[in-house]
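Presented below is the structure to which this report refers.
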Amino acid sequence: MYPFSLIEHRPTTAYFHNLCSTSPPPRTVKGLLGLGLKFCPRPERTTNPIQFTAMADRFRRDMHTKFFFADEYTDEYNPKSLFIRSQWQPDTNRVPIEFRARVSHFLRRLKPLMSQNRRTPANLSLTQRAALRYLRTSNNHIVLPTDKNLGLAILEREMYIQRCYKDHLLDTATYQQLTSEEAIASMDTLKAKLKEFISTFRKHIEHNDRTFLTRSLAMDDPFSYFYAIAKVHKTPWKTRPIVSTSGSITHGLGRWLSQQLKPIVTALPSYVASSSKLVDLLKKQQFDPTRKISLFTCDATSMYTNICTDHALRVITTHLRLHKPVANIEAIINGLDILMRNNFFKFGDTYWHQLTGTAMGTPPAPDYATLYFGIHELSILRDFQQVLPFYRRYIDDGFGIWVHDNDPDRDQRLWDIFQDKMNSFGKLEWTFEPRCNQIPFLDLLISTRPKTGTIHYTLYEKALNLYQYLPLHSTHAPSNFRGFVIGMVTRIIRLTRTHQDRLTAVKKLYWRLIARGYNPTTVRKLFQDAFTRINQPRSRRRDTTPPAVYLHVPFHPHDITPHQIQHLFEDTVQHPPKEPPLSTLENMNGFQFGPHRLVVAYHRPHNLKNLLFPRQLREPEGKPCSVILTALKDA
């Protein structure tokens with residue numbers, strides 16, 4: 001039987017992509033998979049004493065450290081900075097007893113309110129919980145994401161493993177299988193290369209970045225992990241290979257390189273960061289109504305694996321040395337060479353080395369691929385500027401506006417030469433859609449307006465999109481739902497050009513949210529908040545807001561509210577009765593702590609993707625990936 005709240009918020013749309021061909025999934029999984037991979041099942045109990053102790057220890061350490069270095073904490077936290085937490089903490093005796101007492105008093109008062117370990121109602125029905133248990137332990141089926149964010153799919157687990165091998169890993173020109181001994185030895189060699197890199201270029205890498213790179217080598221598991229997602233928009237469906245490098249030994253170098261390449265890539269004339277940035281550019285386009293113009297798109301075939309590593313590194317090295325003479329260019333070049341030639345990963349119990357192509361999954365991979373072909377595009381844009389007044393590319397997808405020549409034969413020759421020029425660089429092959437007056441690109445539908453000489457755009461919706469918006473009964477903080485709805489409305493306003501298009505898109509969003517269990521009154525209120533925010537000038541709140549101290553809390557809807565936590569912090573730490581304000585307390589060096597605000601930083605529990613499609617593949621019992629691979633090779 002459903003709890004009332006579960007009935008109230010239960011989605012009426014529950015769809016998924018069934019890719020099974022030999023073993024259909026149980027019918028009971030529909031109600032679970034229809035929730036989407038971002039749905040978070042509610043923990044059976046509220047925060048327990050063990051969780052609270054870990055939370056309290058982190059908060060105490062963070063507060064003591066921030067107070068100890070009060071003279072150095074002058075700037076707000078920058079989320080773009082490279083940072084890995086150290087295990088260092090200040091000597092307790094060097095933190096004034098008054099400050100320590102306030103922090104301890106706050107945590108003592110908070111503990112009975114937040115470590116009750118109470119049993120709470122589930123946000124899944126009995127049938128959904130049974131389906132979750134089945135899918136988490138099933139040897140027959142695996143749940144996986146789809147490309148283009150088109151919802152989730154289910155497939156036979158063994159078929160998934162076979163497709164990963166057949167579609168990708170058995171391509172001996174791109175991947176090489178390693179024994180476990182060879183893989184471990186390669187990791188040892190790679191670690192030595194990374195240490196040498198940090199030592200060689202220490203003078204050209206900022207101190208904080210150098211610290212980050214050094215700490216990134218101390219990982220428990222040095223390997224990356226391979227997986228694939230389903231490209232259900234293709235007929236027949238295909239797989240897209242992905243390597244998860246997060247937490248691997250090369251992830252730190254990858255993040256540093258991504259940070260260094262970003263300003264270089266964004267300066268390319270063909271670069272576009274997103275649909276909203278493209279819209280800003282299209283608004284400014286104006287053409288002679290007497291000239292015929294057309295739109296076109298192009299797509300690179302398997303861009304990452306078809307970028308020859310030797311050619312790409314040679315092209316990028318030459319470009320950087322000629323056009324970007326900054327101090328750390330040699331460090332960037334050397335780092336890219338290490339990263340692109342040393343992509344080692346696991347798939348089940350097998351080990352692999354990517355021999356060529358862009359190192360999949362590494363943080364700088366999109367910028368590396370964009371820069372590589374963007375260098376070639378510099379000459380293309382120069383040679384075709386008369387017929388190609390506008391051209392932008394998002395990684396492997398290009399969009400352009402073509403001004404036709406009055407002579408049809410010459411126009412066709414120019415179009416053919418342009419395509420040949422695009423396909424004359426390395427091993428990349430570009431597929432062009434025919435020139436036309438209306439074409440989809442990214443999540444936009446772009447068209448020409450010949451009478452006015454302008455470009456029209458509106459939202460483009462893919463036919464297979466399941467619109468699995470996060471249901472309201474997912475275990476997420478309320479601010480997540482508010483931010484999601486406001487963000488969706490804001491996106492509609494930005495990516496549509498006419499009032500009618502906006503009205504149509506907002507109505508569709510409204511009814512899709514209702515179908516996902518949202519309350520109509522709440523949705524209308526959030527829509528109004530979004531329109532109000534869009535029409536107001538941007539706030540400069542960050543310029544005057546005091547720096548934050550963070551209390552990292554596991555979210556549970558039955559725990560106390562953040563307002564209660566902040567009120568307690570105010571009474572026990574910020575302004576305790578008959579005591580001086582926290583901002584006036586001085587550390588051992590005589591520096592005042594200054595004004596601060598408490599931010600309750602919630603951490604969601606595991607969602608369905610974490611539970612059903614973890615980073616490390618769960619192999620069928622008694623049939624590891626190596627056995628399936630051997631059978632494929634022998635077939």
Side-chain angles (χ1 to χ4, degrees), residues 1-44 121-164 227-239 462-475 511-518 605-614 617-623:
M1 186 173 180
Y2 287 99
F4 176 75
S5 60
L6 191 53
I7 296 174
E8 183 184 20
H9 300 304
R10 183 174 47 172
T12 58
T13 55
Y15 306 116
F16 61 93
H17 300 283
N18 185 1
L19 304 180
C20 297
S21 57
T22 60
S23 178
R27 295 177 61 184
T28 54
V29 304
K30 181 179 179 180
L32 177 71
L33 299 186
L35 298 174
L37 286 177
K38 293 182 180 180
F39 181 88
C40 292
R42 184 180 301 158
E44 292 183 0
N123 62 348
L124 293 176
S125 69
L126 291 175
T127 303
Q128 290 170 330
R129 278 178 274 172
L132 179 58
R133 286 192 297 271
Y134 167 78
L135 291 172
R136 292 194 69 185
T137 58
S138 173
N139 290 321
N140 298 326
H141 297 100
I142 186 171
V143 175
L144 63 156
T146 59
D147 196 22
K148 310 293 186 184
N149 197 27
L150 298 180
L152 56 80
I154 190 168
L155 176 67
E156 293 94 348
R157 188 172 292 270
E158 187 170 338
M159 177 60 69
Y160 168 78
I161 296 172
Q162 290 178 359
R163 289 294 297 263
C164 287
Y227 66 93
I229 61 176
K231 301 173 76 170
V232 295
H233 58 287
K234 301 289 186 180
T235 304
W237 68 272
K238 299 180 180 180
T239 57
K462 299 176 178 64
L464 292 174
N465 196 331
L466 301 182
Y467 301 102
Q468 290 184 322
Y469 298 147
L470 191 65
L472 270 180
H473 64 297
S474 177
T475 310
W511 289 113
R512 286 166 182 162
L513 289 172
I514 301 305
R516 296 297 286 173
Y518 284 68
H606 286 321
N607 59 26
L608 291 183
K609 182 179 180 182
N610 302 136
L611 298 172
L612 301 178
F613 194 71
L617 174 69
R618 186 178 62 79
E619 301 163 280
E621 188 174 344
K623 203 168 188 180

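Heavy-atom basis, side chains included; hydrogens, waters and symmetry copies ignored.
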Tell me which donor-acceptor pairs under 3.5 Å the side chains of residues 227-238 have, and how far apart each pair is, sequence neighbours excluded?
none

Given side chains that start at C-beta, do those of C20 and I154 come closer than 4.5 Å, heavy atoms only? yes

Nearest heavy-atom approach of Y518 to P471 is CE1-CA, 4.5 Å

What pairs with E156 under salt bridge (Lys or Arg N to Asp or Glu O under 4.0 Å), at least two apart in sequence or on another chain? none

Are the side chains of Q128 and L35 in touch, meaning some heavy atoms are under 4.5 Å apart? yes

To the nearest 0.5 Å, what is the distance between CG (L617) and CG (L144)? 11.0 Å

Sequence neighbours excluded, the answer for side chain to side chain donor-acceptor pair (under 3.5 Å) partners of R618 is none

Please identify which of these residues, L466, L608, L612, N18, meets the side-chain contact (heavy atoms from CB on, under 4.5 Å) condition with L33. L612

Identify the heavy atoms of V29 and P25 that sit nearest to each other, and give their distance. CG2-CB, 4.1 Å

Identify the two heavy atoms, one from G517 and one from L472, that lie closest to each other, and give their separation to 0.1 Å. O-CD1, 3.8 Å

Return the CG to CG distance between D147 and L464, rounded to the nearest 0.5 Å. 11.5 Å

When the side chains of residues 131-143 are checked against the rest of the protein, which donor-acceptor pairs come out under 3.5 Å, sequence neighbours left out?
{"from": "Y134", "atom 1": "OH", "to": "S138", "atom 2": "OG", "distance (Å)": "3.4"}
{"from": "Y134", "atom 1": "OH", "to": "H141", "atom 2": "ND1", "distance (Å)": "2.9"}
{"from": "T137", "atom 1": "OG1", "to": "R133", "atom 2": "O", "distance (Å)": "2.9"}
{"from": "T137", "atom 1": "OG1", "to": "Y134", "atom 2": "O", "distance (Å)": "3.4"}
{"from": "S138", "atom 1": "OG", "to": "N140", "atom 2": "N", "distance (Å)": "2.9"}
{"from": "S138", "atom 1": "OG", "to": "H141", "atom 2": "N", "distance (Å)": "3.1"}
{"from": "N139", "atom 1": "OD1", "to": "E621", "atom 2": "N", "distance (Å)": "2.9"}
{"from": "H141", "atom 1": "NE2", "to": "S23", "atom 2": "O", "distance (Å)": "2.6"}

Can you list the residues that meet the side chain to side chain donor-acceptor pair (under 3.5 Å) rule with S474, with sequence neighbours excluded? H476

What ring pair (Phe, Tyr, Trp, His ring centres under 6.0 Å) pairs are there with at least one residue in residues 10-39, not counting sequence neighbours? F39-H473

Once you round to the nearest 0.5 Å, how far does NZ of K38 lie from CD of Q468? 10.5 Å

Can you check whether P121's main-chain N or O pairs, donor with acceptor, with R42's side chain at less than 3.5 Å? yes

Are any non-hydrogen side-chain atoms of C164 and I161 less than 4.5 angstrom apart? no

Quick check: do C40 and H606 have side-chain heavy atoms less than 4.5 Å from each other? no

All side chain to side chain donor-acceptor pair (under 3.5 Å) counterparts of T475, not counting sequence neighbours: N123

Smallest heavy-atom separation, M159 atom then L155 atom, equals CG-CD1, 3.9 Å

For Y467, the side-chain contact (heavy atoms from CB on, under 4.5 Å) test, sequence neighbours excluded, returns E461, N465, Y469, R512

side-chain contact (heavy atoms from CB on, under 4.5 Å) with K462: which residues, sequence neighbours excluded? K148, L150, Y460

Counterpart residues, side chain to side chain donor-acceptor pair (under 3.5 Å), relative to N149 (two or more places apart): none

For residues 24-35, the salt bridge (Lys or Arg N to Asp or Glu O under 4.0 Å) pairs (sequence neighbours left out) are none

Can you tell me how far OG1 of T28 sits from CG of L126, rounded to the nearest 0.5 angstrom? 12.0 Å

Mind checking whether L32 and L124 have side chains closer than 4.5 Å, heavy atoms only? yes

Tell me, please, which residues at least two apart from R157 pass salt bridge (Lys or Arg N to Asp or Glu O under 4.0 Å). none

